Undergrad: 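Have a look at the structure that comes next, please.
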Amino acid sequence: MNLAEKITSLRKQKGWSQEELASQLGISRQSISKWESGSSIPDIENIIFLSKIFGVSTDYLLKNDDALNEEADETSESKDTLPKKHISRDEAYSFLNVKKRFSLKIAIGVMLCILSPAVLITLVGLNHNNSGVFGEKFVTLIGICVLFATVTAAVILFIVSGLSQSKYEYIGKQSLLLDSDLKEDLIKESENYYSVFTIHVAIGVALCILSAIPTIVLGIMNIESWTIISVSFILVLVSIGVFLIVKAAVFKSSYDQLLQKNEYSINSKKARSLLDTASGIYWGVAVIAYLLISFLTRAWHLTWLIWPVAGILWGIVEMIVKSKLSNDSFEEE
């Protein structure tokens with residue numbers, strides 16, 4: 001809107017006639033009429049009076065909307081210190097395809113980590129039920145070998161999947177520029193996928209909750225001989241549930257990355273650059289702690305809880321870092 005249109009709009013918002021506005025300014029109604037028709041413009045003194053009467057700034061009255069929007073964009077860009085990168089349609093969908101495969105590999109890797117002690121627990125339980133016919137050391141050795149093989153396979157999956165998307169690292173570190181048509185398509189696809197994501201998470205959570213039922217039932221019925229083996233059943237159901245959650249969440253994040261929303265907003269990207277270095281150390285320590293505690297206590301049926309606890313703690317760390325960065329950005333503004 002230009003000045004004439006703004007004066008007309010603001011006057012009508014107040015519910016005043018041209019005569020009433022003229023009376024407040026101490027001028028004639030004809031002057032107001034000329035201002036609103038654009039045949040003349042108010043002098044600087046009347047501009048100041050109008051801004052006070054309408055409760056707006058003089059900049060709002062004098063500058064057209066396009067100029068204000070450009071100024072706002074320039075201000076926003078000046079605060080965005082990240083390097084900018086234009087993303088083409090082919091590049092965006094290539095990233096989504098890579099991310100889809102990545103989500104599957106990561107989900108399988110996490111699933112294997114949870115399942116890793118299942119064979120050991122099952123063998124120990126069966127051997128216990130058969131009065132140690134195979135020998136405790138032999139059973140333990142077989143179970144530990146399978147555990148190490150499973151964890152190794154998971155680590156290989158993590159490394160391979162990480163390398164497969166290394167060429168798209170800039171998407172999480174730079175400010176992305178998308179064409180309007182591409183952005184609109186990605187928003188629609190993201191909204192459609194959200195229902196799939198919700199179903200996967202709901203089923204995953206349900207499986208994690210239901211996994212404890214057999215152990216509870218066996219405990220109530222005092223069937224101690226199968227209680228140990230039932231822990232393996234818990235691990236299987238939990239691993240399937242976590243697989244569904246991780247796979248859906250990781251792929252959903254690919255849309256968030258391209259659209260730069262939620263945890264992949266500009267401020268969050270700045271935080272993530274700090275967290276990327278720390279995450280490798282953190283999860284490395286988590287793996288060492290898991291294996292060390294498990295070997296020292298031999299409580300494989302309980303030490304798998306280290307993984308969800310580690311995940312929760314890491315989530316808290318991320319929240320603290322992002323909150324701190326957001327507060328710093330707010331103070332700068």
Side-chain angles (χ1 to χ4, degrees), residues 100-130 139-140 142-158 161 193-253 283 286-287 289-291 293-295 297-315:
K100 190 173 185 178
R101 294 192 294 271
F102 172 78
S103 66
L104 178 61
K105 292 175 182 176
I106 288 295
I108 293 175
V110 174
M111 184 180 185
L112 289 175
C113 286
I114 296 173
L115 283 174
S116 59
V119 172
L120 174 61
I121 293 170
T122 301
L123 291 176
V124 170
L126 290 174
N127 192 51
H128 176 74
N129 291 346
N130 289 281
V139 167
T140 302
I142 296 298
I144 290 176
C145 288
V146 173
L147 183 148
F148 270 102
T150 306
V151 172
T152 301
V155 171
I156 291 173
L157 276 175
F158 293 148
S161 59
Y193 184 75
Y194 188 78
S195 59
V196 177
F197 166 75
T198 303
I199 293 172
H200 277 69
V201 171
I203 294 174
V205 171
L207 286 174
C208 290
I209 294 172
L210 295 174
S211 63
I213 292 178
T215 303
I216 294 173
V217 171
L218 290 172
I220 293 174
M221 297 177 66
N222 291 321
I223 306 177
E224 296 181 1
S225 59
W226 289 95
T227 301
I228 297 176
I229 298 176
S230 69
V231 174
S232 297
F233 183 78
I234 291 177
L235 295 179
V236 171
L237 286 186
V238 168
S239 67
I240 295 172
V242 172
F243 169 85
L244 293 173
I245 294 171
V246 171
K247 183 175 180 295
V250 171
F251 186 63
K252 177 183 175 296
S253 72
W283 290 109
V287 171
Y290 167 70
L291 294 175
I293 294 173
S294 297
F295 277 117
T297 64
R298 294 191 177 185
W300 299 96
H301 60 294
L302 295 176
T303 53
W304 66 272
L305 291 169
I306 289 174
W307 295 109
V309 171
I312 293 171
L313 291 176
W314 180 247

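Source: prediction; values computed, not measured.
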Undergrad: Out of curiosity, Ile142 CD1 to Leu147 CG, how far, rounded to the nearest 0.5 Å?
TA: 13.0 Å
Undergrad: Are any non-hydrogen side-chain atoms of Leu104 and Phe243 less than 4.5 angstrom apart?
TA: yes
Undergrad: Count the heavy atoms belonging to other residues, nucleotides or ligands that lie under 6.0 Å from CZ of Phe251, then report whether that count exceeds 12.
TA: yes
Undergrad: Using 0.5 Å steps for rounding, measure from the CD1 atom of Ile234 to the CG atom of Leu237.
TA: 8.5 Å
Undergrad: Would the distance check show the side chain of Ser232 and the main-chain N or O of Ala118 forming a donor-acceptor pair, the cut-off being under 3.5 Å?
TA: yes
Undergrad: Which pairs pass salt bridge (charged side-chain N to carboxylate O under 4.0 Å, His left out) with one or both residues in residues 147-158, sequence neighbours excluded?
TA: none
Undergrad: Suppose we screen for side-chain contact (heavy atoms from CB on, under 4.5 Å). Which residues come up paired with Ile199, at least two apart in sequence or across chains?
TA: Ile203
Undergrad: Can you give each donor-acceptor pair under 3.5 Å made by side-chain atoms of residues 105-117, sequence neighbours left out, with the distance rounded to 0.1 Å?
TA:
unit_1, atom_1, unit_2, atom_2, d
Ser116, OG, Cys113, O, 2.7
Ser116, OG, Tyr290, OH, 3.3

Undergrad: By side-chain contact (heavy atoms from CB on, under 4.5 Å), which residues pair with Ser195, not counting sequence neighbours?
TA: none
Undergrad: Quick one: does Val146's side chain get under 4.5 Å of Leu120's, heavy atoms only?
TA: no
Undergrad: Provide the closest heavy-atom pair for His200 versus Ala248 in the form atom of the first, atom of the second, distance.
TA: CB-CB, 3.6 Å
Undergrad: Report the residues that fulfil side-chain contact (heavy atoms from CB on, under 4.5 Å) with Leu210, sequence neighbours left out, ordered by chain and then residue number.
TA: Ile213
Undergrad: Please report the shortest heavy-atom distance between Leu123 and Gly143, naming the atom on each side.
TA: CD1-N, 4.1 Å
Undergrad: Can you name the ring pair (Phe, Tyr, Trp, His ring centres under 6.0 Å) partners of Phe197, sequence neighbours left out?
TA: Tyr194
Undergrad: With side chains defined as the heavy atoms from C-beta onward, is the minimum distance between Leu244 and Leu207 less than 4.5 Å?
TA: yes
